[in-house]
Amino acid sequence: MSTTESPKLAGRREWVGLAVLVLANLLISMDISVLYLAVPFITASLEPSSAQQLWILDIYGFLLAGLLIPMGVLGDRFGRRRLLMIGAALFGAASVAAAYAGSAGALIGTRALLGVAGAILAPSTLALIRNMFQDIAQRRTAIAIWTAGFAGGAALGPLVSGVLLDHFWWGSVFLINVPAMVLLLALAPRLIPEYRDPRPGGFDLLSAVLSLGAVLPVIYGIKSMAQDGVSLVAVLALIAGPLIGAAFVQRQRTARHPLIDLSLFRLRSFSAPMAVNVVAFFALVGFALFSTQWLQLVRGMGPLEAALWSLPAPVAVAFATTVATGVARTVRPAYIVCVGLLITAVGFLVLTQVGVHSNLAVLVGGVVCVAAGLGVALTLTADMILSAAPPERAGAASALSETANQLGAALGVAILGSIGAAIYRTDMEDKVPSGMSPEALHASRETLGGASEVAQRLPEPSGSGLLEGAREAFVHGLNVNAVIGAAVMVVAAVVATLLLRQQAVAPVTAADVSGTPLAESVPESAGG
C-alpha cells in the first residue's frame with residue numbers, strides 16, 4: 001500500500017458520535033462549578049456544617065483528579081467505549097441520588113460517586129477521538145470542539161444552575177445530567193467504535209493506589225491553604241503528595257505493566273504541551289474567581305445576570321478553537337501556541353485597568369481575550385499530547401492531560417486566590433470604621449463578601465464607606481493578579497516556542513494516521 005494514501009475521512013456517524021462525547025465532557029466539566037450558586041439553597045435544606053459544606057463542593061473535583069490516570073489505563077486495556085458507558089450509567093445514577101440526598105453526609109457520598117463516574121468517563125471522551133478521526137485536519141477540528149466543550153462547561157455551570165434555581169429546587173442542578181447520560185447510553189453502541197489495546201498487560205493495582213495518593217494530597221493541600229490559610233494538615237498533605245509521587249515514578253520504572261510510559265515525558269512534543277496545560281488552567285480557573293466576584297460584589301449583579309455576562313468567554317473559546325484548527329494546517333504548532341498565550345497576556349493587561357467603577361466592557365473584553373487565547377493554545381496542546389502517545393496508550397495520555405488541567409486549576413485557585421486575599425487583608429487594615437464588633441471586624445477584613453454583609457448593617461456613611469474601601473481592596477488584588485497572569489503567559493509563550501519550535505506542521509498522509517490499523521483494532525464495530 002502506498003504511504004501517501006490519504007487516511008479514511010470521518011463521516012456523519014463519527015461527527016454525531018463526537019457530539020455525544022462532547023456533551024458528556026461538557027457535563028463533567030460543568031459539575032465542578034454547578035454548585036456555586038446552589039450552596040445557599042443546600043445549606044438551608046440540609047444544614048451542613050462548614051466542613052461538610054466544603055466537602056460537598058470539593059469531593060467531586062478531588063476524586064475526578066485523583067482517578068483519571070488509572071481510569072484512562074483501564075479504558076486502554078478493557079475497552080474505551082465500555083468504560084464510557086459504565087461511567088455514563090454511574091454518572092446518571094449518582095446524579096439522581098445526589099438530587100434526592102436527604103442529608104449532608106448523603107450528598108457528600110453521592111458527590112464522591114459522581115467524581116468516580118466522571119473519572120471513568122473523562123479519559124475516554126478524548127481518547128476515542130483518536131480512533132474516530134484518522135485524518136489529521138478532521139482530528140484537530142474534533143479536538144477543538146472537545147476543548148470548547150471542556151472549557152465552556154465550567155463557565156456554563158453557574159449559568160445553568162442560575163436558571164434552574166430560579167424555577168426549581170437545588171436537586172435540579174444534578175438531574176440535568178440524566179437525559180444526557182441516557183442519550184449517551186442509547187447512541188454510543190451505534191455511533192462510537194470500541195477500542196482497546198490489542199496486547200494488554202495486567203493492571204498494576206499498587207500503581208493505581210500510588211497515583212491516587214500522589215495527586216489527592218497535593219490538590220487537597222493547595223485548596224485547603226487557599227480557603228483557610230496555612231495549616232499543619234495542609235502542609236503535611238503538600239509534603240506527602242510529592243513523596244508518594246516519587247514512589248509512583250519508581251514503581252513505573254520497575255513494574256512489569258506500568259500505568260504510564262515515563263519515556264513519553266522525554267518527548268518535548270508531550271511534556272511541553274502538558275506544561276502549557278498546567279499554566280493555562282492556572283490562569284483560566286484562578287482568575288475566574290476574581291471576575292465573577294467583581295460582577296456580583298463590585299458591580300452588584302445577581303447570580304443569573306453575572307452568569308449571563310460570563311457567557312462571552314466560552315463563545316470566544318469556541319471561535320478561537322475553530323481559528324486555531326484552520327491555521328494549524330500551514331503554521332507550526334509552536335507559533336500558534338505562542339500567539340495564543342500572548343493573546344491571553346494582552347487580556348490580562350486589559351484586566352489590570354479594571355477599577356471599582358470601570359465600564360463593564362473593560363472586564364468582559366479582558367476575560368474574552370484571556371479565554372480566546374487559551375482556546376487557541378489548548379486546541380494544539382491536546383492534539384500534540386494525544387499524537388505523541390502510541391494509539392494503544394491514548395487513554396492514559398488523555399488522562400495525564402486532564403490531570404494536568406486539574407492540577408493547574410488547583411494551583412490557580414490557591415496561588416492567585418492567596419495573593420488576592422493577602423492584598424485585600426493588608427489594604428483593609430486602615431479602611432475599617434472604628435467601633436465595630438470583633439466579629440464584624442474579622443468578617444470585613446477577610447473577604448469582600450463579608451464586608452458587604454457587614455456594610456448592610458452599619459449606619460450611613462459608615463456602611464457605604466466600608467463597602468467602597470472593601471471594593472477598592474478587592475480590585476487592587478484583581479489588578480495585581482492580572483499583572484502576574486500577564487507575566488506568566490509571556491514566559492510560557494517564550495518557553496513553549498523554544499521547546500516546540502522543531503515540531504513541524506503535520507502532513508496529512510497515511511504515514512501519520514492517528515488511529516491504529518484496522519488489523520490491530522478490536523473487532524467490535526460501532527454497531528456492536
Distance col, row Leu342:CG vs Cys369:SG, nearest 0.5 angstrom, shows 12.0 Å
Euclidean distance, Thr330 OG1 relative to Ile336 CD1, rounded to 0.5 Å = 7.0 Å
Closest non-hydrogen atoms of Leu341 and Ala496, given as atom of the first, atom of the second and distance, are CD1-CB, 4.5 Å
Does the Arg332 side chain pair with the main chain of Leu500, one donor and one acceptor, at a distance under 3.5 Å?
-> no
Distance from Arg80 atom CZ to Leu128 atom CG, nearest 0.5 Å?
-> 6.5 Å
Could you pull out the closest heavy-atom pair between Leu349 and Ala486, with the gap in Å?
-> CD2-CB, 3.9 Å
Under 4.5 Å between any side-chain heavy atoms of Val370 and Val350, yes or no?
-> no
Are the side chain of Thr344 and the backbone of Leu374 linked by a donor-acceptor contact shorter than 3.5 Å?
-> yes
Can you see which heavy atom on Val367 is nearest to which on Ser291, and at what distance?
-> CG2-CB, 4.0 Å
Determine, stepwise, if the pair Leu184 / Leu23 fulfils side chain to side chain contact (heavy atoms under 4.5 Å, CB included).
-> CA-CA 9 Å; Leu184 190 154; Leu23 179 61; over 6 Å; no
Residues that Asp427 engages under side chain to side chain donor-acceptor pair (under 3.5 Å), provided they are two or more places apart = His476
Mind checking whether Val323 and Val376 have side chains closer than 4.5 Å, heavy atoms only?
-> no
CD1 (Ile192) and CG (Leu18) are apart, to the nearest 0.5 Å, by 9.0 Å
If you take all heavy atoms of Leu84 and Leu121, which pair is closest and at what distance?
-> O-CD2, 3.3 Å
If we only count heavy atoms from C-beta on, is the Val368 to Val364 side-chain gap below 4.5 Å?
-> yes
Taking all non-hydrogen atoms of both residues into account, name the closest pair between Val475 and Val356 and its distance.
-> CG2-CG2, 3.9 Å
Can Thr352 and Asn479 be counted as having a side-chain donor-acceptor contact under 3.5 angstrom?
-> no
List the steps, then state whether side chain to side chain contact (heavy atoms under 4.5 Å, CB included) holds for Val339 with Ile343.
-> CA-CA 6 Å; Val339 169; Ile343 292 172; 3.9 Å; yes
When you measure from the side chain of Trp294 to the backbone N and O of Leu478, does any donor-acceptor pair fall under 3.5 Å?
-> no
Where is the tightest heavy-atom contact between Ala117 and Gly87, given as atom of each residue plus distance?
-> CB-O, 3.8 Å
Rounded to the nearest 0.5 Å, how far does CZ of Phe91 lie from CG of Leu27?
-> 6.5 Å
Between Arg251 and Leu206, is there a donor-acceptor pair closer than 3.5 Å when you use the side chain of the first and the backbone of the second?
-> no
For the atom pair CD1 (Ile244) and CD1 (Ile239), what is the distance rounded to the nearest 0.5 Å?
-> 12.0 Å
Verdict with supporting geometry, Met489 and Val279, side chain to side chain contact (heavy atoms under 4.5 Å, CB included) | CA-CA 8 Å; Met489 289 300 114; Val279 171; 3.3 Å; yes
